[in-house]
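Shown next, in structure tokens, is the structure this report addresses.
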Number of protein chains: 2
Amino acid sequence: MLAQALQTRLVAGEWPCGSAMPSEQTLADEHQVALGTMRRALQLLEERGLVDRVHGKGTFVRQGLAGATMLRFFRFGQTAGEVPLSSIVSCKTTAASAEVATSLQLPPRADVIRLQRLRLFDGEPCLFEEIWLPAHRFSQLLKREIGEWHNLLYPFYAEVCGVHVMRAVDQISFAALTAQQARQLKLPAGHPCAVVRRVASDLQGNPVEYRVSRGDAYAFTYSATIT
Amino acid sequence: MLAQALQTRLVAGEWPCGSAMPSEQTLADEHQVALGTMRRALQLLEERGLVDRVHGKGTFVRQGLAGATMLRFFRFGQTAGEVPLSSIVSCKTTAASAEVATSLQLPPRADVIRLQRLRLFDGEPCLFEEIWLPAHRFSQLLKREIGEWHNLLYPFYAEVCGVHVMRAVDQISFAALTAQQARQLKLPAGHPCAVVRRVASDLQGNPVEYRVSRGDAYAFTYSATIT
DNA sequence: AAGTGGTCTAGACCACTCT
DNA sequence: GAGTGGTCTAGACCACTTG
């Protein structure tokens, strides 16, 4: 398939994230196919979320996810598009647990960076996040002061470590808060909470972040459409 | 847009649910466009979930949803594809509450059929459902004995009332069980439960069913992908 | 004005399904 | 073998963006 050949070139990094690809005609010539065929292949890449096509401008390699997407699961009263403040609770390098190693496709007890982060709305804690990152790809992160970190991590990963998050899979379940989690969220221990386990991946499909977010179950909301 | 013109013919009921549409060439002639143009229009209709295209056979108007889809939100130990048994708890005609009338786009206090249904796995109750249907479209339902009802309601709606459910929007939240709900599910009152509010619509986009399903929050699971 | 993607044409050939 | 959708070609013209 032509689209697959194009995707291989793209994933190999031939065109940097955010840059414009060659025009349809140029690519068609390079692959020695008709223009219409190349158009169809590029449309497939757009459907797969790998590129953005803009009429009159060109075809661009996607930049990556913005990162404010966790709040689509909760209603805390924030207005649309508003990003809650973040507070890094802890940040240290450690050995991956079995759960973390499996999720990140790392060998057992591999080095990972472990973050704990609290997200605040109106000064009140609303989300408690634990985040694990493969140490070998994120070492640059530790050279930055905590105060320099952005509220949105994904663009920060791209800027500091060159890691572009292109895709995330969220697994939602439900549990009771432990005493430690409850303390962070200023809720009683045992309070019901929604748990979102996320594995984020880069363009090559390699997992680059494992994140577990917890928030008040009664603030949870989500909509899904079946067709 | 050509696809819109085709969709209008389809929604008007020109080709019955499940039947084959005319071939690409025939449709292209009817609309006086080139074959390739009609192909793309049909591909759009397939992306919108209105038709199924089968290589070598033809293009078919979609039958509607099967209906076993509520269990994609829960893990009760059932094996894949297995449909849990249903037990109708009550069935009566009543006046729509504000919530129900709004969801079904009916005038206030319009006549609706109200069902209560328990879904069972291994003899144990796992889901409690309340279902409201517009009385004017589902009057045939009341002429059937409860024992004749199928476990899957959507194909039953189609068979008995000619109503084909093509699309459903699920709104998920969490709450505590009321005493009555808890009794049905054999759980303690106040136990956390996942609530799925569903509005199901037909081909024309008219809402035809409003359903609220409740199950043990600790059995809840769902996966979503962000791109 | 030049370059881009979006739509459309009028064919050709291939792969699949059914009788 | 007849009929279907799937892929591809080699153009034409239009709409949008930028210098």
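In what follows, chains are A, B, ... by sequence order, proteins preceding strands, each numbered from 1.
Between B:Arg39 and D:dG5 there is no side-chain polar atom (N or O) within less than 4.0 angstrom of OP1 or OP2. Checking the phosphate oxygens (OP1, OP2) of C:dG3, no side-chain nitrogen or oxygen of A:Ser23 falls inside 4.0 Å. Contact check, A:Thr59 against C:dG5: a side-chain N or O comes under 4.0 Å of OP1 or OP2. The side chain of A:Arg40 places no N or O atom within less than 4.0 Å of a non-bridging phosphate oxygen (OP1 or OP2) of D:dC8. Checking the phosphate oxygens (OP1, OP2) of D:dT18, a side-chain nitrogen or oxygen of A:Lys57 falls inside 4.0 Å.
In this structure, the NE2 atom of A:His31 is 17 Å from the C1' atom of D:dT7, given to the nearest Å. The CG atom of B:Leu2 sits 18 Å away from the P atom of C:dG6 (whole-angstrom rounding). Following rounding to the nearest Å, B:Glu24 (CD) and D:dT7 (C1') show an atom-to-atom distance of 12 Å. For A:Leu45 and C:dG5, the CG to C1' distance is 15 Å, given to the nearest whole Å. Going from atom CD of B:Gln32 over to atom P of C:dC8 covers 15 Å, rounded to whole Å. Atom CD of A:Gln25 is separated from atom P of C:dG5 by 10 Å (rounded to the nearest Å). Rounded to an integer number of Å, the gap from CG of A:Leu35 to C1' of D:dC14 is 14 Å. Atom CG in A:Leu42 sits roughly 13 Å away from atom P in C:dT4 (whole-Å rounding).
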**Q.** B:Phe220 and B:Phe174: CA distance, side-chain angles, deciding distance, ring-ring contact (aromatic ring centres under 6.0 Å, His included) verdict
**A.** CA-CA 10 Å; B:Phe220 183 87; B:Phe174 289 99; 5.5 Å; yes
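Sequence order on DNA chain C of the closest nucleotides to A:Gly56 and A:Glu46 puts A:Gly56 first from the 5' end.
A distance of 12.0 Å separates CZ of A:Arg39 from CG of A:Leu27, quoted to the nearest 0.5 Å.
Distances from the side chain of A:Thr37 to the nucleotides D:dT9, D:dC16, D:dT4 place D:dT9 closest. Comparing C:dC16, C:dA10, D:dA15 against the side chain of B:His55 picks out C:dC16 as the nearest. Side-chain proximity of A:Arg53 to C:dG6, D:dT4, C:dC18: nearest is C:dG6.
Separation of the B:Phe76 and B:Phe121 ring centroids does not fall under the 6.0 Å cut-off.
Across all their heavy atoms, A:Ser86 and A:Arg117 have their closest contact at OG-NH1, 3.0 Å.
For the residue pair B:Tyr210/B:Glu130, the side-chain donor-acceptor check at 3.5 Å is not satisfied.
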